[in-house]
Amino acid sequence: MNNTPLRAVALVCTLSPSPEPSSSQLLAEQTMAALAEHGVTGKTIRIADHDVKTGISTDLGDGDAWPEIRDTILGADILILSTPIWLGHPSSIAQKVLERLNAEISETDDEGRMLTYGKVAAVCVVGNEDGAHKVSADLYQGLNDAGFSLAPNAVTYWVGEAMQHTDYQDLDKTPEKTATTTKTLAATTAHLARQLKASPYPPS
């Protein structure tokens, strides 16, 4: 097994700032714990706790918190994006994160590669009705456009029964299917990140 140390950051896109409980936060933390079993360290950042400006630049000034978060992303090998489902879509905060990541398209190294090349992304989705596949598809496209690579089965999710009010964080224990999916995400994502770290993409 390749034991190259890896770093990860999970951006939690719940609409609720701390200390409000968050199912998206819980699933992100469980994913980070699963990644730790593969030698990955890192942290979670709840975007609602920070003044991330709306726009498509790497730095919008005037107290914009994104530049520091961006530095954390660029210093990591793995990016986890965790979002609730609202009205069948990723949260507005998840969309804001994708819009800020859009700026990476014009940021390249000396060989013309985006600075995000070689970094691997994965997705966590929670909600009370179906839509996890649609939401992950939306996020996959944005993350791929921004230069991130995706491993097989790069999403873990939980959706509750329609027309009910149970949240993921209210469950007595993590459902076996979700726990297994989280472990698979961690294994494939860590593996791909190590492969890309050892053998970077060629110049465009």
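All values below were derived from every heavy atom in this structure, side-chain atoms included, with hydrogens, water molecules and symmetry-related copies excluded. Since this is a predicted model, take the numbers as computed values, not measurements. FYI, the numbering just counts along the sequence from 1.
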Check your understanding: So with a 6.0 Å cut-off around CG of Asp170, is the heavy-atom count from everything else above 12?
Key -> yes
Point to revise | Ser24 (side chain) donor-acceptor with Val12 (main chain) under 3.5 angstrom | key: no
Check your understanding: How far does OG1 of Thr44 sit from CE of Met32, to the nearest 0.5 angstrom?
Key -> 7.0 Å
**Study point:** Pair Asp77 + Lys197, salt bridge at N-O below 4.0 Å
**Key:** yes
Practice item. Please answer whether the main-chain N or O of Lys177 pairs with a side-chain N or O of Thr180 as donor and acceptor at a distance below 3.5 Å. Key: no
Revision key, fill the gap. Shortest non-hydrogen pair, Ala146 vs Thr116, comes out as O-OG1, 2.5 Å
Review point. Atom CD in Gln25, atom OG in Ser18: separation rounded to 0.5 Å?
Key: 6.0 Å
**Study point:** Stepwise side-chain hydrogen bond (donor to acceptor under 3.5 Å, both in side chains) test for Gln30 and Thr174
**Key:** CA-CA 10 Å; Gln30 290 174 337; Thr174 301; 3.0 Å; yes
Check your understanding: Just by modelled atom types, is the Ser22 backbone N or O under 3.5 Å from a matching donor or acceptor in the Gln169 side chain?
Key -> yes
Practice item. Check whether any side-chain N or O of Ser91 sits under 3.5 Å from a backbone N or O of Cys13 as a donor-acceptor pair, and report yes or no. Key: yes
**Study point:** Interatomic distance, Ser149 atom OG to Leu143 atom CG [nearest 0.5 angstrom]
**Key:** 10.5 Å
Exercise for review: Please confirm whether the backbone N or O of Tyr157 pairs with a side-chain atom of Thr178, one donor and one acceptor, at under 3.5 Å?
Suggested key: yes
Review point. Listed by chain and number, what are the side-chain contact (heavy atoms from CB on, under 4.5 Å) partners of Ala48, not counting sequence neighbours?
Key: Pro17, Ile93
Practice item. For Tyr117, enumerate each residue passing the ring-ring contact (aromatic ring centres under 6.0 Å, His included) test, keeping only those at least two apart in sequence or located in another chain. Key: Tyr201
Revision key, fill the gap. dist His38:NE2 -> Leu6:CG (nearest 0.5 Å) comes out at 11.0 Å
**Study point:** Exam field: side chain Lys119 to backbone Leu74, donor-acceptor pair closer than 3.5 Å
**Key:** yes
Review point. Residues two or more places apart in sequence or in another chain: which of them pass side-chain contact (heavy atoms from CB on, under 4.5 Å) with Val159?
Key: Ile85, Ala132
**Study point:** Nearest-0.5 Å distance, OG1 of residue Thr41 to CD1 of residue Ile78
**Key:** 9.5 Å
Practice item. Not counting sequence neighbours, which residues clear salt bridge (Lys or Arg N to Asp or Glu O under 4.0 Å) with Arg113? List them please. Key: Asp109, Glu111
Check your understanding: Atom CG in Leu60, atom OG1 in Thr54: separation rounded to 0.5 Å?
Key -> 8.5 Å
Check your understanding: What heavy-atom pair brings Leu150 and Ala121 nearest, and what distance separates the two atoms?
Key -> CD2-O, 3.3 Å
Exercise for review: Check side-chain contact (heavy atoms from CB on, under 4.5 Å) between Asp145 and all other residues, then give those that pass, not counting sequence neighbours.
Suggested key: Gln141
Check your understanding: Can you list every pair that meets salt bridge (charged side-chain N to carboxylate O under 4.0 Å, His left out) and has a residue in residues 120-137, with sequence neighbours left out?
Key -> Lys134-Asp138
Exercise for review: Check salt bridge (Lys or Arg N to Asp or Glu O under 4.0 Å) between Asp64 and all other residues, then give those that pass, not counting sequence neighbours.
Suggested key: Arg100
Exercise for review: State whether the side chain of Ser199 and the backbone N or O of Leu196 hold a donor-acceptor pair below 3.5 Å, judged by distance alone.
Suggested key: no
Point to revise | Results of salt bridge (Lys or Arg N to Asp or Glu O under 4.0 Å) for Glu99 - residues two or more places apart only | key: none
**Study point:** salt bridge (Lys or Arg N to Asp or Glu O under 4.0 Å) partners of Lys43, counting only residues at least two apart
**Key:** none
Review point. Where the side chain of Arg46 meets the backbone of Ser16, is there a donor-acceptor pair that is under 3.5 Å apart?
Key: yes
Practice item. Go through the side-chain N and O atoms of Arg70 and Thr58 and say whether any donor and acceptor fall under 3.5 Å apart. Key: no
Revision key, fill the gap. side-chain contact (heavy atoms from CB on, under 4.5 Å) filter on Ala33, not counting sequence neighbours, yields none
Practice item. Could you list who else is in Leu26's hydrophobic cluster, with ILVMFWY side chains joined at under 4.5 Å, directly or through other members? Key: Leu27, Val126, Trp158, Tyr168, Leu171
Revision key, fill the gap. Applying side-chain hydrogen bond (donor to acceptor under 3.5 Å, both in side chains) to Thr156 and not counting sequence neighbours gives Thr182
